[in-house]
Protein chains: 2
Amino acid sequence: MARTAGSHSDITGPRIRAAALQLFAQRGFAAVSMRQIAGEVGVQAGALYNYTPDKQSLLFDLMQRHMEGLLAEVASRVMGDTPTDRLQSFVRFHIGYHIDRPDEVFIAYMELRSLSPENFARIETQRRRYEDVLEAILQDGVVQGAFSVPDTKIATLGLIAMLNGVNTWYRAGGRLSQTEVEGIYWDMARQAVGA
Amino acid sequence: MARTAGSHSDITGPRIRAAALQLFAQRGFAAVSMRQIAGEVGVQAGALYNYTPDKQSLLFDLMQRHMEGLLAEVASRVMGDTPTDRLQSFVRFHIGYHIDRPDEVFIAYMELRSLSPENFARIETQRRRYEDVLEAILQDGVVQGAFSVPDTKIATLGLIAMLNGVNTWYRAGGRLSQTEVEGIYWDMARQAVGA
DNA sequence: CTTCTATCTGAACGACTGTTCATATAAGCT
DNA sequence: AGCTTATATGAACAGTCGTTCAGATAGAAG
């Protein structure tokens, strides 16, 4: 669908991000060319540079948006009076949010090495802020005697790694519903921290 | 260190694999050129083709060797009379083996998409065989009433994902020794399966 | 209807890609 | 000593890469 010159700015921008997201997730940042992205949008490669200064910024933009959405949502979705309740809401939120965005998650955790040093540092800061949300819950639980966790930092990383594993196998319409998956992982997480 | 023609076959082969391993892990398969690998070895790019038919085979060779070593080792290192003992030996083995080979692990779990379809299928078969070792332990434990696991397949994937997470943060000489890390993860794994 | 401006094309840039191959070299064998 | 053969060079191939830019085009503004 060859695009003619003129007035498609508001449409083309999101379409470029969507195409880049899908291609980066599927083949990897380095393996995807600007021409392939442009082709997916129905535009010549040069047109992309009306929307991004370069390929690196396109990747960073995708990651940045994902992390900001994640942080904004987790803040409003983690709730409960006890650490156990808050942990459960965190686990269920994490799984649900990630299951809905497999491509974003894949890129955010796999293309960190493709970021420039400055961009890497910025994303890493946001990621650590997300981990801190979980660690605060675990620390609360330890202080209140609700959890049995020898090292909250490692438990945080271990739990998140376990939850992220969902994206390696979950496919919508598979054997298990999202709610069932949430329940199974919540059971494992609850037991892992000795709640 | 420019190489002169002649007789370095037995040395150059392993050096090429070592260089490719490190570069693929650091920058990703698609982002590494044959010339960069050759440069690391101190050889011209053309010389690589005395050792591999093409770049794809070089990647597959690295993965294949890793998976074969993993399968051979796990068979001899998982032991114990009870499912709990066997689970513990699996967890400790997995962490120890993976901690010692961060680059291999990184590639094996991240560059699957860079494999040709046939090569992908072969590696995937080996990986499933490794997962089956753990799942067999979990099934044993469920049958004997030692574990509380609603879905052994998912528990397998969840546990392996959790254990693999070690490689995202563990660095030799850090705050925790390998044995301490094994202990912490074993605690979490044991509790996660309700042992 | 004309002018302005955002948007896109299409060609071009130099650099780099994986791979091939004729040629040179050095070690091992006789 | 010469001869053979494995091993490496270095140039070349056709293709792709990210990025730039002059020029074409179309919708919005006057």
Side-chain angles (χ1 to χ4, degrees), chain A residues 1-21 23-24 26-63 107 111 113-119, chain B residues 1-21 23-24 26-63 107 111 113-119:
Chain A
M1 46 176 79
R3 188 73 40 102
T4 43
S7 68
H8 299 93
S9 173
D10 47 342
I11 291 181
T12 306
R15 293 235 298 162
I16 288 174
R17 278 192 295 274
L21 185 72
L23 287 171
F24 287 166
Q26 197 168 93
R27 307 182 202 170
F29 175 74
V32 174
S33 71
M34 295 297 265
R35 284 172 181 82
Q36 286 170 348
I37 298 170
E40 203 72 28
V41 178
V43 115
Q44 294 300 312
L48 302 186
Y49 292 85
N50 289 322
Y51 300 91
T52 183
D54 48 39
K55 194 186 177 191
Q56 165 72 206
S57 302
L58 185 51
L59 174 63
F60 176 69
D61 187 42
L62 292 174
M63 289 205 190
I107 290 175
E111 295 296 351
R113 65 185 168 190
S114 302
L115 289 172
S116 68
E118 315 90 68
N119 287 342
Chain B
M1 46 177 79
R3 190 68 45 100
T4 43
S7 68
H8 299 93
S9 172
D10 47 341
I11 291 181
T12 307
R15 294 235 299 162
I16 288 174
R17 279 193 294 276
L21 185 72
L23 287 171
F24 287 166
Q26 196 168 92
R27 308 182 201 170
F29 175 74
V32 174
S33 72
M34 295 299 265
R35 283 172 183 81
Q36 287 169 348
I37 297 170
E40 204 71 29
V41 178
V43 115
Q44 294 300 311
L48 301 185
Y49 292 86
N50 289 322
Y51 300 91
T52 182
D54 48 39
K55 194 186 176 191
Q56 165 73 208
S57 302
L58 185 50
L59 174 65
F60 175 69
D61 187 42
L62 292 174
M63 289 205 190
I107 290 175
E111 296 296 352
R113 66 183 168 192
S114 302
L115 289 171
S116 69
E118 314 90 69
N119 287 342

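Lettering follows sequence order; numbering is per chain, from 1.
- Distance from the side chain of B:Asp54 is smallest to C:dT19 among C:dC8, C:dT19, D:dA8.
- Of the candidate nucleotides D:dT9, D:dA8, C:dC8, C:dC8 has the atom nearest to the side chain of A:Asn50.
- Applying the salt bridge (charged side-chain N to carboxylate O under 4.0 Å, His left out) test to A:Arg27 and every residue at least two apart in sequence or in another chain returns nothing.
- Across the protein-nucleic acid pair, A:Ile11 atom CD1 and C:dA6 atom C1' stand 14 Å apart, rounded to whole Å.
- Between B:Tyr51 and D:dA8, a side-chain N or O to OP1/OP2 separation shorter than 4.0 Å is present.
- Between A:Gln56 atom CD and D:dT19 atom C1' the separation is 15 Å, expressed in whole Å.
- Residues A:Ile107 and A:Phe29 are not in side-chain contact: their nearest non-hydrogen atoms beyond the backbone lie 4.5 Å or more apart.
- Of the candidates C:dT9, C:dC8, D:dT9, C:dT9 carries the atom nearest the A:Gln44 side chain, counting heavy atoms from C-beta on.
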N/O-N/O pairs, protein side and nucleotides 11-17 of chain C side, under 3.5 Å:
{"unit_1": "C:dA12", "atom_1": "N6", "unit_2": "A:Arg35", "atom_2": "NH2", "d": "3.3"}
{"unit_1": "C:dT17", "atom_1": "OP1", "unit_2": "B:Ser33", "atom_2": "OG", "d": "3.3"}

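- In this view, B:Gln44 satisfies the side chain to side chain donor-acceptor pair (under 3.5 Å) rule with no residue, not counting sequence neighbours.
- Look at A:Thr12 and you won't find any side-chain N or O under 4.0 angstrom from OP1 or OP2 of C:dT7.
- Of the residues A:Leu21, A:Leu115, A:Asn119, the one that meets the side-chain contact (heavy atoms from CB on, under 4.5 Å) test with A:Leu59 is A:Leu115.
- The line from OG1 of B:Thr52 to CG of B:Asp54 is 5.5 Å long, rounded to the nearest 0.5 Å.
- Rounded to an integer number of Å, the gap from A:Leu48 CG to C:dG10 P is 15 Å.
- Rounded to a whole Å, the OH atom of A:Tyr49 is 9 Å from the C1' atom of D:dT20.
- Within the 3.5 Å criterion, the main-chain N or O of A:Ser116 finds a donor-acceptor partner in the side chain of A:Gln56.
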